[in-house]
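Written below as structure tokens is the structure these notes are about.
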Amino acid sequence: MSLRSAPLAVEAPERARDGLFTPEIRAQIDAHVAKYPPEWKQSAVMPALTLVQEWNGGWLTRELMDDVAAYLDMPPVAVYEVATFYGMYDLEPVGRHKIGVCNSVSCLLCGSEDLIHHVERKYGVRPGETTADGRFTFKEVECLGACRHAPAVLVGKTYHECLTPEALDKLIEELD
Amino acid sequence: MVEDQNSVCFRTLHLKEPWALASYRSVGGYAQWEKILKEKTDPAKIIDELKLSALRGRGGAGFPTGLKWSFMPRSAPGQKYIVCNSDEGEPGTCKDRDILRYNPHQLIEGMAIAGYCIGATVGYNYIRGEFYEPIDRFEAALKEAYEAGLIGKDIQGSGVDFDLYTHCGAGAYICGEETALLESIEGKKGQPRFKPPFPAQFGLYGRPTTINNTESLASVPVILEKGGQWFLEQGRPNNGGPKLFSVTGHVERPDNFEVPLGTPFKDLLAMAGGVKGGKRLKAVIPGGSSVPVVPGDLMLQTDMDYDSIAKAGSMLGSGAVIVIAEGTCMVKVLANLAHFYAHESCGQCTPCREGTGWLARVLHRILNGQGRPQDIDLLDGVAGRIGGRTICALGDAAAMPVQSFLQHYRHEFEYMVEHGGRSLAEAA
Amino acid sequence: MTDKLSIEIDGRVCEASPGEMIIAVADREGIAIPRFCYHKKLSIAANCRMCLVEAEQGGRPFPKPVPACATPVAAGMKVLTRSPKALEAQRGTMEFLLINHPLDCPICDQGGECELQDVAMGYGGDVSRYSEGKRVVKDEDLGPLVATDMTRCIHCTRCVRFGAEIAGVRELGATGRGEDMRIGTFVAHTLTHELSGNIIDLCPVGALTSKPFRFKARSWELTQAEGIAPHDAVGSNLHLHLRGNQVMRVHPKDNEAVNETWISDRDRFSYEGLASPDRLTEPMIKEDGAWRPIGWQDALIRVAERLKTASADQIGTLIAPTATLEEMYLAQKLTRGLGATAVDSRLRQQDFRGDAADPPLPWLGVPIAELETRDAVLLIGSDIRQEQPLLAHRLRKAALGGAGIVLVNPLPLELTFPAQQLVTSAAGMLGELAAIAKALRKRGSGSVKDLIAQANPTDRHTSAAERLKAAGTERSGLILLGALAAAHPDYTLLKALAYVIAEATGSTVGYLPLAANSAGAYLAGALPHVLPGARPGEAIGADARAMLVTARKAYVLWGVEPSYDFANPSLAATALGSADLVVAATAFRAPSLEAVADLMLPIAAFAETSGTFVNAEGTWQRFQGAVAPPGEARPGWKVLRVLGNLCDLPGFEYADSGEIHQELATLCAEVRPDNAPRGDLKVEPSLAEAGLMRVGTLPIYRTDPLVRRAAALQRTPGADVFAVGLNPALAADVGLADGELAVIRQGKAEARAAVVLDAALPPDVALIPSGVTGSEALGEQIGPVAVAKA
Ligand SMILES: Cc1cc2nc3c(=O)[nH]c(=O)nc-3n(C[C@H](O)[C@H](O)[C@H](O)COP(=O)(O)O)c2cc1C
Ligand code: SF4
Ligand code: FES
């Protein structure tokens with residue numbers, strides 16, 4: 001039990017960190033690292049993955065995960081564990097945008113099924129798929145915590161609430 | 001909006017830019033914190049006030065907050081932590097998001113006071129990753145608070161330190177479970193830890209840690225301002241204060257309502273404009289998707305406090321009130337819930353990993369018209385073998401809906417099995 | 001120590017220590033509680049939920065069943081492991097485990113020894129309630145040692161925790177979430193840690209199994225025998241699983257004091273070498289350059305005749321340090337009986353100047369189990385993970401417990417624990433130690449004195465010195481000399497400096513004996529300066545190097561493969577090649593042997609003979625032969641017995657190997673391991689040169705003839721790679737780029753190898769392994785070298 005909270009880092013071979021990502025991203029990751037105790041650099045793995053994913057156009061490659069591991073002195077597999085556990089990381093190429101329709105109970109009661117079927121039919125994508133034109137990746141997501149204005153949809157970083165299929169179409173139209 | 005004298009977490013809601021430091025100051029914000037800094041109030045006194053207030057944890061378990069704080073080995077040497085649980089992900093729950101969006105400073109003040117009481121000089125607020133806007137609001141508020149010298153090192157020359165940081169989730173409901181949340185801050189998968197040891201002994205980074213829900217912490221400054229007795233009197237004995245209820249589903253005006261604990265459910269329903277389309281109330285899930293469902297008739301006679309709802313056979317949970325109108329297929333609702341728990345199981349405990357998927361598959365099979373008569377007992381049996389046998393309460397959360405739906409709406413399941421997937425409720 | 005308390009399990013009163021988990025108490029009492037995730041050597045995960053039991057405390061029952069593996073005992077606790085409630089909970093878990101688990105035990109490699117299968121028999125109910133599709137999981141190739149069948153995985157995470165906690169390398173992980181959680185490397189790469197094979201034992205089901213053993217036998221066809229691992233100086237205790245006359249696989253046998261519950265991959269998979277086509281199965285004689293079989297009788301008579309007629313000062317006996325105590329004892333008895341004094345088993349050593357002052361019986365300095373309790377350890381010249389995998393594991397435990405570990409080495413090591421590495425040239429190692437000694441204000445005498453005088457201690461040396469000193473005052477400091485130290489041209493000076501530092505800090509000096517019976521050689525007298533019973537010899541005979549530098553007319557090679565087992569294989573080839581008679585007792589044919597030998601006598605290998613190994617802590621571990629040697633091969637002690645008799649020597653009338661053991665044990669009755677030098681370590685000027693030096697490591701799977709023939713181990717990446725590692729700056733100086741072919745010269749010896757650039761290497765080190773194919777053409781393992789463009 002004593003081991004379970006020990007940082008996973010073993011003395012990783014010194015790797016050139018300066019070449020990884022961009023100076024801006026490194027600075028942002030460093031700012032996250034500074035929030036945690038010095039021996040717990042790995043606490044910054046989630047924000048680091050988030051930053052790197054965004055920089056890479058919305059998804060993470062194995063190389064990027066390895067780079068994050070090197071940057072934070074973590075065993076690569078520990079980074080893979082994190083990247084595969086949390087739903088917001090994508091390990092396959094994605095569209096230019098991500099659209100997540102909430103499928104949990106309050107939204108279900110308020111018509112999220114219609115939204116989902118609508119997207120499937122109109123844009124020819126099933127959950128997890130990207131439209132042929134690469135415009136967006138469609139996801140069903142679990143409760144977004146916006147139940148009082150159900151059904152809720154997350155487009156990029158913005159919540160849209162009380163959506164009808166028509167309103168969703170308009171949102172999609174506005175996407176490049 | 002007009003000011004409600006009795007509101008606690010929403011006390012800035014009537015203001016323009018309610019999230020700004022100035023707005024919060026204008027309703028008396030940070031006065032308690034500054035008083036504590038100046039007077040070096042005995043933490044024990046603050047904890048006593050909280051105990052008197054009968055504030056119970058708003059995250060779901062309803063554990064008395066004052067008592068929780070008193071478990072911390074305050075004067076033991078070494079780092080201690082206060083952690084706020086803003087991972088809000090329980091289906092039906094959407095209250096903490098509004099605290100973060102509209103009253104972030106009150107949470108900061110609550111966390112600072114909590115840190116002071118338990119001897120923690122560092123706090124983390126774990127906010128779910130999808131909350132982009134609330135995260136920005138909270139971060140902006142943090143910046144304001146630092147700049148105003150309300151948090152940081154040697155705050156206002158008091159010798160008290162308190163640093164507060166945001167840690168963002170990335171899409172995993174299980175991180176709302178407090179020890180999974182700690183693992184997540186530690187840069188790991190959010191897999192709950194076995195307890196004991198409890199976080200008060202072995203928490204974040206192995207150090208003593210207190211974890212509270214956003215609403216619990218945000219309630220603290222007001223309790224100190226108006227007194228524990230006042231807060232207690234807002235609610236009922238053992239159920240102090242007003243509480244946020246997220247009323248969602250089949251109601252005319254779904255919203256968050258901050259009402260005293262003990263408010264009759266029918267009043268709360270009325271505030272939300274009644275059942276949508278004037279339909280009959282069929283059922284209510286009164287505390288977030290993981291608590292047992294309560295038939296509408298019984299719910300209409302129940303008051304909204306921890307003890308009354310327990311008497312009705314369910315739990316107040318996070319205060320998410322999911323209203324279900326007549327004509328809704330309960331098989332479909334349960335299948336939706338089962339899918340959620342299967343999707344969100346962290347995967348470590350055998351019963352939860354294997355059982356939640358099993359439940360979801362059987363329910364979907366029934367929905368698809370391939371149900372078998374024995375499936376109904378099977379569902380009950382499988383749920384019974386998950387509940388109470390896992391590391392964290394997600395196992396119970398997955399089991400309780402199944403057992404309660406079958407208890408109250410078994411005939412709908414039987415009908416669907418017998419009729420190749422036709423819904424009794426929707427047919428009617 | 002806190003007081004014991006008592007609890008009741010299934011009505012039985014059991015004594016327990018506060019903080020202990022219920023399952024540990026039950027295990028001690030022999031009360032069976034089913035479990036999958038719990039393992040006494042791993043952290044508690046409590047995730048399988050198989051060990052649920054009913055419990056009450058102070059008359060108040062716990063509301064839910066509790067996991068016995070994670071519930072600490074408390075005074076007056078009552079536990080029911082087989083009550084209806086407990087059984088229902090256990091059956092529930094079992095049902096969940098089985099719904100997605102294939103029920104095809106008959107074709108599973110784990111069938112018959114599967115913990116899941118066993119528990120299912122006892123606790124499973126009907127499994128027919130599940131009618132949904134079963135999970136299928138894609139397999140990953142984890143390399144040549146571990147086979148996967150991940151659909152069978154029950155997610156107990158023992159293998160993952162093993163990596164994180166025991167191996168210290170996280171190769172396996174549990175990726176994904178919920179039902180989609182998968183155990184694997186995620187990117188399908190070969191497991192590289194030297195203890196990885198232990199996950200085969202840890203895996204309770206057939207998800208991780210032995211690849212070499214795969215589908216070779218069913219567990220119920222196997223019988224079990226015990227054995228002692230024949231490679232490193234730990235002497236891991238083994239269970240040999242046999243079918244007929246074949247070792248089918250090897251498992252660890254628990255022995256807390258030696259190997260705990262683990263064995264290295266080398267110990268686990270080297271048995272494959274037994275079935276090598278190289279096995280020598282009948283005595284052979286070389287006539288007119290051609291080998292032909294010859295009967296035992298004939299062969300031994302010829303050997304005896306020629307040995308008897310050889311002049312005693314022309315006989316040299318070279319014994320592999322993996323020979324049994326009995327073989328060593330008889331081989332030296334034969335040699336000395338013939339009047340010869342040249343007998344040695346330190347084939348990888350070149351500096352014997354310290355022999356006169358050699359400690360009576362060098363050993364680890366502390367019991368193996370106490371390695372992990374040291375507060376500070378200075379490791380001199382040791383590629384520890386390759387040399388002694390399980391001692392590296394003990395050191396890792398010490399380091400995790402907060403010990404300060406300092407290494408002085410001519411190459412950087414990839415360690416799995418925090419340590420301070422002082423990496424320098426081969427010659428520079430002396431300077432590093434001298435600097436530590438100087439930081440301790442020690443002067444020393446002779447050459448050591450000069451070295452210390454010239455040293456310039458830096459902060460690193462001072463901090464190392466202080467760590468040792470602090471530990472020394474608690475009698476908890478240890479200074480260990482490893483195989484690279486023993487192969488060093490200035491081994492004597494390294495030893496002398498070690499003793500200086502030890503004295504200054506109150507630390508203990510310890511040795512990492514090279515091989516399974518290197519320590520035994522002192523007891524058996526298989527050394528030129530030591531007689532049986534670890535008695536100093538009156539006259540020091542020629543040592544292993546002297547026997548080759550000044551070639552003999554007759555050699556007896558015992559278990560030696562000349563190309564790979566000598567510090568200087570080209571020197572060995574020349575010396576042996578010039579002899580009139582080379583008699584080789586060997587389990588394997590080998591080109592380098594056939595080139596020089598006149599007679600080859602087939603002897604039993606590991607598991608085929610009885611014998612004794614003495615491990616690093618001086619423990620005698622006796623074992624029996626488990627299988628018969630192949631063909632006409634005979635246990636070595638029998639061959640030596642007959643030879644002794646044929647040479648008309650007295651004292652070779654043994655009925656069995658037990659008598660030999662007994663005779664030697666009597667001689668050793670008073671002998672205790674002892675690292676105190678017998679005299680002043682005669683310190684002479686340093687031999688190590690400035691300029692480019694070869695540093696020859698001995699890769700883990702190239703240490704002895706058996707492991708070199710273990711097929712799966714040889715397939716692991718890097719098992720047998722001949723290359724020259726250079727610092728990029730040096731490579732640039734001689735105009736060599738990464739991957740380019742270099743010509744390597746050591747005196748007249750010459751070889752070619754590809755260059756591997758490694759910025760972490762000191763600039764004056766050429767890292768060129770020994771024991772690997774291609775290295776046999778070269779000279780000293782550690783010695784001057786020239787590298788140029790080929
Ligand atoms: C599966 C699961 C999910 C949970 N999710 C949340 C959550 O999103 N927010 C929250 O505050 N508490 C959540 N909880 C409850 C927390 O574990 C914990 O009890 C709570 O944060 C304590 O704060 P409180 O005492 O202030 O309520 C969850 C519990 C479980 C078992
Ligand atoms: S009950 Fe489920 S979610 Fe909770 S720890 Fe166990 S497997 Fe994870
Ligand atoms: S052995 Fe106790 S939960 Fe696995």
Side-chain angles (χ1 to χ4, degrees), chain A residues 1-2 4-9 32 34-37 39-50 53 72 74 78-79 81-89 100 102-110 112-113 140-150 152 154 156-159 161-162, chain B residues 79 88-94 96-98 124 128-133 163 165-173 175 184-191 193-194 197 202 204-206 246-250 254-256 285 289 320 322-325 328 332-333 336-337 339-340 343-344 346-347:
Chain A
M1 235 146 36
S2 57
R4 71 182 182 183
S5 262
L8 295 169
H32 284 287
K35 295 177 178 178
Y36 309 101
E39 68 277 22
W40 283 93
K41 267 168 96 171
Q42 70 173 51
S43 274
V45 65
M46 288 168 63
L49 287 172
T50 304
Q53 165 163 297
L72 297 175
M74 292 173 73
V79 176
E81 285 184 335
V82 169
T84 55
F85 187 87
Y86 296 94
M88 289 173 70
Y89 301 120
C102 176
N103 69 2
S104 293
V105 61
S106 297
C107 287
L108 170 86
L109 294 173
C110 296
S112 64
E113 273 184 320
E140 264 186 45
V141 295
E142 305 300 335
C143 184
L144 283 170
C147 324
R148 74 183 165 98
H149 290 147
L154 179 62
K157 297 184 175 182
T158 313
Y159 275 39
E161 296 163 85
C162 302
Chain B
Q79 185 66 54
E88 191 160 70
E90 171 92 350
T93 318
C94 54
D96 298 335
R97 173 171 173 243
D98 281 357
Y124 294 97
R128 62 177 296 178
E130 295 89 341
F131 278 179
Y132 293 100
E133 183 195 22
D163 281 302
Y165 307 103
T166 312
H167 186 101
C168 297
Y173 162 71
C175 291
S184 184
I185 299 181
E186 288 181 4
K188 307 176 198 161
K189 298 181 287 182
Q191 292 195 324
R193 298 176 182 170
F194 183 77
F202 187 96
L204 184 60
Y205 306 124
S246 310
V247 184
T248 69
H250 293 149
D255 207 343
N256 285 319
I285 305 175
S289 67
I322 303 165
V323 176
I324 300 170
T328 309
K332 195 164 160 184
V333 173
N336 178 280
L337 298 179
H339 169 87
F340 176 82
H343 189 263
E344 298 300 332
C346 85

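Here is how names work: the chains are called A, B, and so on, in the same order as the sequence lines, proteins then strands, and each is numbered from 1.
Among B/Cys175, B/Ser289, B/Pro254, the residue making the largest number of heavy-atom pairs under 4.5 Å with chain A is B/Pro254. Here B/Gly190 is the residue among B/Gly249, B/Ser246, B/Gly190 with the most heavy-atom pairs under 4.5 Å with chain A.
For chain B, no part of A/Ala150 is nearby; none of its heavy atoms comes within less than 4.5 Å. Proximity to chain A involves both the backbone and the side chain of B/Asn256, based on heavy atoms less than 4.5 angstrom apart. For B/Asp163, no part lies under 4.5 angstrom from a heavy atom of chain A. Contacts of B/Ile185 with chain A are made by both backbone and side-chain atoms, with heavy-atom separations under 4.5 Å. Neither the backbone nor the side chain of B/Tyr173 comes within contact range of chain A; no heavy atom of the residue lies under 4.5 Å from a heavy atom of that chain. Proximity to chain B (any heavy atom under 4.5 Å) is shown, for A/Leu144, by both the backbone and the side chain. For chain B, no part of A/Gln53 is nearby; none of its heavy atoms comes within less than 4.5 Å. Contacts of B/Thr93 with chain A are made by backbone atoms alone, with heavy-atom separations under 4.5 Å and no side-chain atom involved. Contact annotation for B/Phe131: both backbone and side-chain heavy atoms come within less than 4.5 Å of a heavy atom of chain A. Contacts of A/Tyr159 with chain B are made by side-chain atoms alone, with heavy-atom separations under 4.5 Å and no backbone atom involved.
Ring geometry for A/Tyr36 against B/Tyr124 counts as parallel: the plane angle stays under 30°, on a 0 to 90° scale with 60° as the upper cut.
Applying the salt bridge (Lys or Arg N to Asp or Glu O under 4.0 Å) criterion to B/Glu344, with sequence neighbours excluded, gives C/Arg177. Under the rule for a salt bridge (Lys or Arg N to Asp or Glu O under 4.0 Å), A/Lys35 has no partner lying at least two apart in sequence or in another chain.
For the pair A/Met46/A/His32, no side-chain contact is recorded, criterion being any heavy-atom separation below 4.5 Å from C-beta on.
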